[in-house]
Visitor: 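First the structure, which I've put down as structure tokens, then a few questions once you've had a look.
Numbering starts at 1 and runs along the sequence shown.
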Amino acid sequence: KDLEATLPDIPELQLCNQEVQKGPWCGLNLQGLTSLHPTKMLHQTVLNNYMFLLKNQFCQLSFVPTMMYVHQSLVSVASFDERKSFCQKYLFKYEQPDSTNTFIFAMNPGMHWIALKIDFKKQYIATMCSLNNTLAREANKLKDCISSVVPAARSFQHISVTVPFQKNH
């Protein structure tokens, strides 16, 4: 568990580990490091630390870990007040759209993954799904949600990005 003692020659990882523990991310551990193998899925701690490093390098990006398990809540919010509350509680919990150009997050609706990117500067929402669903419903709900905080988001374009198809056997 002591990353500094385990990896003394990689100061970037040590700084990342120290900073990550202060924020919404979890720290890097040996379990995460051992997942760095071409035939294994990456452990969430590795992904979290990678997002932290990207955020430090590209300050206009915001990764939103609080959106991972709220898919059903997103598609069920109805009233203006519920949408605004949802956005403030999950999407804009750590950063506001006026301070960051791009918000990126993944969601786990069960048995597959979806990823979303909201670009406030270029005014679009991009969606990706491992089962090649266009996610039109989610994009529209997200536009409704965001527009409760940023009214201009209602006119954002939706771009469905094709990704490799996930085959569940």
Visitor: Measuring only between side-chain heavy atoms, which start at C-beta, is Ile104 closer than 4.5 Å to Leu116?
Guide: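 Heavy-atom side-chain distance check fails, nothing below 4.5 Å.
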Visitor: Is the closest side-chain heavy-atom distance between Lys117 and Phe105 below 4.5 Å?
Guide: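 With C-beta onward as the side chain, the pair stays apart.
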Visitor: Using a 3.5 Å distance criterion without hydrogens, assess whether the side chain of Glu82 forms a donor-acceptor pair with backbone atoms of Ser79.
Guide: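 Here the side-chain-to-backbone pair exists.
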Visitor: Could you report the tightest heavy-atom contact between Ala136 and His158, atom names first, then the distance?
Guide: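 Looking at all heavy atoms of both residues, the shortest contact is CA-CE1, 3.9 Å.
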Visitor: Between Thr102 and Gln60, do the side chains contain a donor N or O and an acceptor N or O under 3.5 Å apart?
Guide: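 There is no such pair between these side chains.
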Visitor: If the condition is ring pair (Phe, Tyr, Trp, His ring centres under 6.0 Å), which residues does Phe103 pass it with, not counting sequence neighbours?
Guide: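 Residues passing ring pair (Phe, Tyr, Trp, His ring centres under 6.0 Å) with Phe103: Phe92, Phe120.
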Visitor: After noting the C-alpha distance and the side-chain angles of Val64 and Tyr90, does the key distance pass the side-chain contact (heavy atoms from CB on, under 4.5 Å) rule?
Guide: CA-CA 8 Å; Val64 190; Tyr90 297 108; 5.9 Å; no
Visitor: Taking only residues two or more places apart in sequence or in another chain, which ones pass side chain to side chain donor-acceptor pair (under 3.5 Å) with Lys89?
Guide: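 Lys89 satisfies side chain to side chain donor-acceptor pair (under 3.5 Å) with no other residue.
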Visitor: With a 4.5 Å limit on heavy-atom distance, are the side chains of Leu142 and Ile118 in contact?
Guide: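 They are in contact (side-chain heavy atoms under 4.5 Å apart), so the answer is yes.
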Visitor: Please confirm whether the backbone N or O of Ser155 pairs with a side-chain atom of Lys143, one donor and one acceptor, at under 3.5 Å?
Guide: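 The answer is no, because no donor-acceptor pair under 3.5 Å joins these two groups.
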Visitor: Between Ser73 and Phe86, does the side-chain contact (heavy atoms from CB on, under 4.5 Å) criterion hold? Intermediate values first, please.
Guide: CA-CA 8 Å; Ser73 297; Phe86 178 89; 3.7 Å; yes
Visitor: Using every non-hydrogen atom in the two residues, find where Cys87 and Ile146 come nearest and quote the distance to one decimal.
Guide: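 Scanning both residues completely, I find the closest heavy atoms to be SG-N, 3.6 Å.
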Visitor: For Ser147, give me all partners under side chain to side chain donor-acceptor pair (under 3.5 Å), at least two apart in sequence or on another chain.
Guide: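 Ser147: side chain to side chain donor-acceptor pair (under 3.5 Å) contacts with Arg154.
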Visitor: Taking Phe80 as the starting point, is it possible to reach Val149 by hopping between hydrophobic residues whose side chains are less than 4.5 Å apart?
Guide: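 Different clusters: Val149 never reaches Phe80 through Ile, Leu, Val, Met, Phe, Trp or Tyr contacts under 4.5 Å.
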